[in-house]
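Contents: one structure, followed by commentary.
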Amino acid sequence: MKAAVISSPGVVTIETVDDPVPGPREVVIQVAACGLCGTDLHILQGEFAPSLPVVPGHEFAGEVVGVGTEVHGLSLGDRVAVDPSLYCNECHYCRIGRNNLCERYAAIGVTTGGAAAEFAVAPAANCVRLPDRIRTEDAALIEPLSCAVRGYDVLRSALASHVLIYGSGTMGLMMMELAKRTGAATVDIVDINPERLATARQLGCTHAVGSADEIERPRGWDVVVDATGSERAIQDALGRVARGGTYLQFGVADYAARATIEPYRIYNQEITITGSMAVLHSYERAAELFAAGVLDPDVFISHRFPLTDYAAALAQFQAGRGRKILVTP
């Protein structure tokens, strides 16, 4: 089969690799679409993945075309979306229900071969069947949505909160849609990309601006979310949290990124600083939300590239052009 391979930092090639063979409790999926994510850029830089080469691609959906001998409940022809998480279920964090912090964390498309290929293999237990009304190629959005659901699990935000989100790319817009549906009084977006701000306005945010200084909220925001991973945005965002408020680090920053905090302010104003890592008991709920129409795929998906143009798709994503970019084998 054909697959995109990150062979070394900064190098992507299209290669012919062996077709995947399912283990007893695995299925083989003919990939309909695979989304690009900030994690893929980190893997391209030589981060996250324990070793290269690797076939990336952890946001995907497709059709079951191979079934392991001990698989029950899935059949050939089933259309599925896939949770890429591969937990050990044995370490301390898995045993206490914090599997996303697994000491042996692994994921399809990160530590093992992924879906930037014609076919991918996945545990049957990680697959969620798609209802007829969902287009298979759109269901690659479920994985990033499940990360946003996990983010809101961490936030536990109260009704009528004032929410400020840095970044109006795919993840920032998803967090915005969840904020609207969890009873936020206002949802403001900060970004330096005019095209992305226009999409935020289209989806119904309260304000979409280039700087939080343009919004009059002298007491700050109850919830501030960074969905950029940008050091500069993170530093600004930390200063916008209201007394008793919460800051969520949701965007994936570079390993070397640094920000300065004010310990006295955190103590004196009872500010919570927290993070959200990937998926945890949120994939099935994201699939339910997606089926209920919480996202409009025609708005969220801006580009679809053929697998042979995977490197060009990555370059466009890295340049910040468009929203969710999908690769279709």
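Worth knowing before you read on, the calculation uses all heavy atoms, side chains too, and leaves out hydrogens, waters and symmetry mates.
Gln316 places no side-chain N or O within donor-acceptor distance of the main-chain N or O of Gln318, the cut-off being under 3.5 Å. Between the side chain of Glu231 and the backbone N or O of Arg258, at least one donor-acceptor pair lies under 3.5 Å. Side-chain atoms of Asn100 do not come within 3.5 Å of backbone N or O of Leu280 as any donor-acceptor pair. Within the 3.5 Å criterion, the main-chain N or O of Gly322 finds a donor-acceptor partner in the side chain of Arg196.
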One pair to check against side chain to side chain contact (heavy atoms under 4.5 Å, CB included): Cys91 and Arg104. What are the steps and the verdict?
CA-CA 8 Å; Cys91 73; Arg104 304 181 187 96; 3.9 Å; yes
Begin with the C-alpha distance, continue with both residues' side-chain angles, and end with the deciding distance and a verdict on side chain to side chain contact (heavy atoms under 4.5 Å, CB included) for Leu155 and Thr182.
CA-CA 11 Å; Leu155 280 171; Thr182 51; over 6 Å; no
Under the side chain to side chain contact (heavy atoms under 4.5 Å, CB included) criterion, do Val28 and Asp19 qualify, and how do the steps go?
CA-CA 9 Å; Val28 174; Asp19 289 346; over 6 Å; no
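Look at Glu118 and Lys2 and you find no salt bridge, because none of the NZ, NE, NH1 or NH2 atoms lies under 4.0 Å from a carboxylate O. At a threshold of 4.0 Å, the pair Arg240-Asp213 counts as salt-bridged, since one of the basic side-chain nitrogens sits closer than that to a carboxylate oxygen. Under a 4.0 Å N-O distance rule, the pair Asp138/Arg304 qualifies as a salt bridge. With respect to the salt-bridge test (charged N to carboxylate O, under 4.0 angstrom), the residues Glu288 and Arg285 do not qualify.
Of the residues Asp191, Asp236, Thr228, the one that meets the side chain to side chain donor-acceptor pair (under 3.5 Å) test with Tyr166 is Asp236.
With 3.5 Å as the limit, one finds no donor-acceptor pair spanning the side chains of Glu214 and His207. Defined by atom type and a distance below 3.5 Å, a donor-acceptor pair is missing between the side-chain atoms of Lys324 and Ser302.
Atom-to-atom distance recorded for Met1:CE and Leu307:CG is 9.5 Å, nearest 0.5 angstrom. Rounding to the nearest 0.5 Å places CG of Leu295 at 8.0 Å from CG of Leu289. In this structure, His58 NE2 and Ile108 CD1 are separated by 11.0 Å, a value rounded to the nearest 0.5 Å. Taken from CZ in Arg323 to CD1 in Ile325, the straight-line distance is 10.0 Å, to the nearest 0.5 Å.
In the displayed structure, Arg201 atom CZ is contacted under 6.0 Å by more than 12 heavy atoms of other residues, nucleotides or ligands.
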